[in-house]
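To start, the structure itself, in structure tokens.
Owing to the predicted nature of the structure, the values given are computational and were not obtained by experimental measurement. Numbering of residues begins at 1 and proceeds along the displayed sequence. One-based numbering, in listed order, for ligands and for the atoms of each.
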Amino acid sequence: MKLRYRRVTLPLLHPFTIATGTSTERNDVLVAVEHGGVVGCGEAAPSRGYGQSADSVVEALPRLAAALGDDPFAFEVNADRLLAAARGQYAAVAAIDGALHDLAGRLAGLPTWRRLGVSPGRMPVTSFTIGIDEIGVIERKVAEAAAWPLLKIKLGTPDDERIIQAVRRCTDAPLRVDANMGWDLERARQMCRFLADHNVEMVEQPLPRGQEDQLADLHADSPLPIYVDESCHHAADVVRLAGCVDGVNLKLSKAGGVTAGLRFIHAARAAGLKVMIGCMVQSSVGIAAGAQLAPLCDLADLDGHVLLARDAATGLDCRDGRLLLTDAPGQGVTLRDDLADPSGWTVVQ
Ligand SMILES: [Mg+2]
């Protein structure tokens with residue numbers, strides 16, 4: 001199999017702030033895998049918080065490409081080899097694994113969801129995310145998001161109550177909250193009680209990563225379901241969280257792609273946990289890979305591409321808050337012409 005990549009800068013529609021920082025653009029890496037004249041595409045959306053960058057992705061690609069076998073349909077073997085060679089570069093692994101699933105679908109003439117036996121009729125509504133901002137800006141963003149049936153509000157600031165009160169002045173829509181590790185145990189307890197009175201349906205990552213031993217205490221008397229994201233990357237993390245939380249947030253760039261994502265979902269089900277499928281702020285190349293698994297999950301948070309000023313691909317549409325899985329082969333998205341131009345790609349092998 002031949003592998004090539006190109007870097008892509010994706011400007012955001014608005015600066016996006018969460019408890020751990022602000023971003024105005026994403027620097028991602030598109031990966032293409034070719035076999036028998038057919039090409040599949042994936043996206044690496046690296047996260048600084050996890051020791052990843054576009055540079056570290058590009059640096060990892062030759063090592064990961066060398067680990068790949070010759071059979072694009074040998075997902076489990078390829079995933080084992082890629083994960084063993086990852087050295088923390090799971091966004092790069094996710095890009096290659098996503099490209100393999102896209103490629104296999106195109107070779108088979110089947111959409112990835114159908115090849116995996118997933119039912120698109122079970123697609124959950126995806127939330128639309130409102131980042132941390134001045135109260136007036138948050139109110140404007142909530143008004144602009146009126147078409148979305150479900151909002152996810154980023155918190156983890158001293159002003160969290162004021163933010164929720166402002167959102168509630170603008171909408172009665174159900175809300176989810178993501179604190180992105182911004183609270184300690186006492187603040188989390190206090191906030192869960194406050195949020196339960198404001199039609200909030202769940203709370204994500206209330207405590208810092210590394211403080212998982214406090215989650216069971218919080219979970220025991222929380223009026224709201226508790227999910228974790230930064231605390232849970234892989235199937236092995238899922239097992240340790242059984243009984244301590246209600247659910248876990250699967251992101252393909254944390255877990256290492258669609259194949260690792262399936263393992264994560266099965267581990268969560270075996271542990272009695274709910275699954276949310278989330279994403280980075282990234283293009284619809286990566287979001288489409290997650291969308292293939294979304295009907296296997298309880299909650300979806302797959303709006304990363306909608307937060308961009310300009311997407312890298314077309315083909316992933318949304319109706320009434322649900323991403324649409326089509327009959328197009330593979331992940332069902334097509335790169336923009338300027339990005340598909342072969343001159344912008346670097347051959348790895
Ligand atoms: Mg999160």
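- Residues Gln331 and Thr112 bring a donor and an acceptor atom of their side chains to less than 3.5 Å of each other.
- A heavy-atom distance below 4.5 Å is found between the side chains of Ile96 and Leu61.
- Classified by interplanar angle (parallel below 30°, tilted 30° to 60°, perpendicular above 60°), the ring pair Tyr50/His233 is perpendicular.
- Annotation: protein N, O or S atoms under 2.8 Å of the Mg ion (ligand 1) (waters excluded) comprise Asp178 OD2, Glu204 OE2, Asp229 OD2.
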For a quick test of your reading: what N or O donor-acceptor pairs under 3.5 Å do the side chains of residues 238-247 make, sequence neighbours left out?
| unit_1 | atom_1 | unit_2 | atom_2 | d |
| --- | --- | --- | --- | --- |
| Arg240 | NH2 | Asp237 | OD1 | 2.6 |
| Asp246 | OD1 | His219 | NE2 | 3.3 |
| Asp246 | OD2 | His219 | NE2 | 3.2 |
| Asp246 | OD2 | Ile226 | N | 2.8 |

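- Summarising the geometry, atom CD belonging to Gln282 is positioned 6.5 Å from atom CG belonging to Asp28; distances are rounded to the nearest 0.5 Å.
- Checked against the 6.0 Å centroid threshold, Phe264 and His234 do not count as a close aromatic pair.
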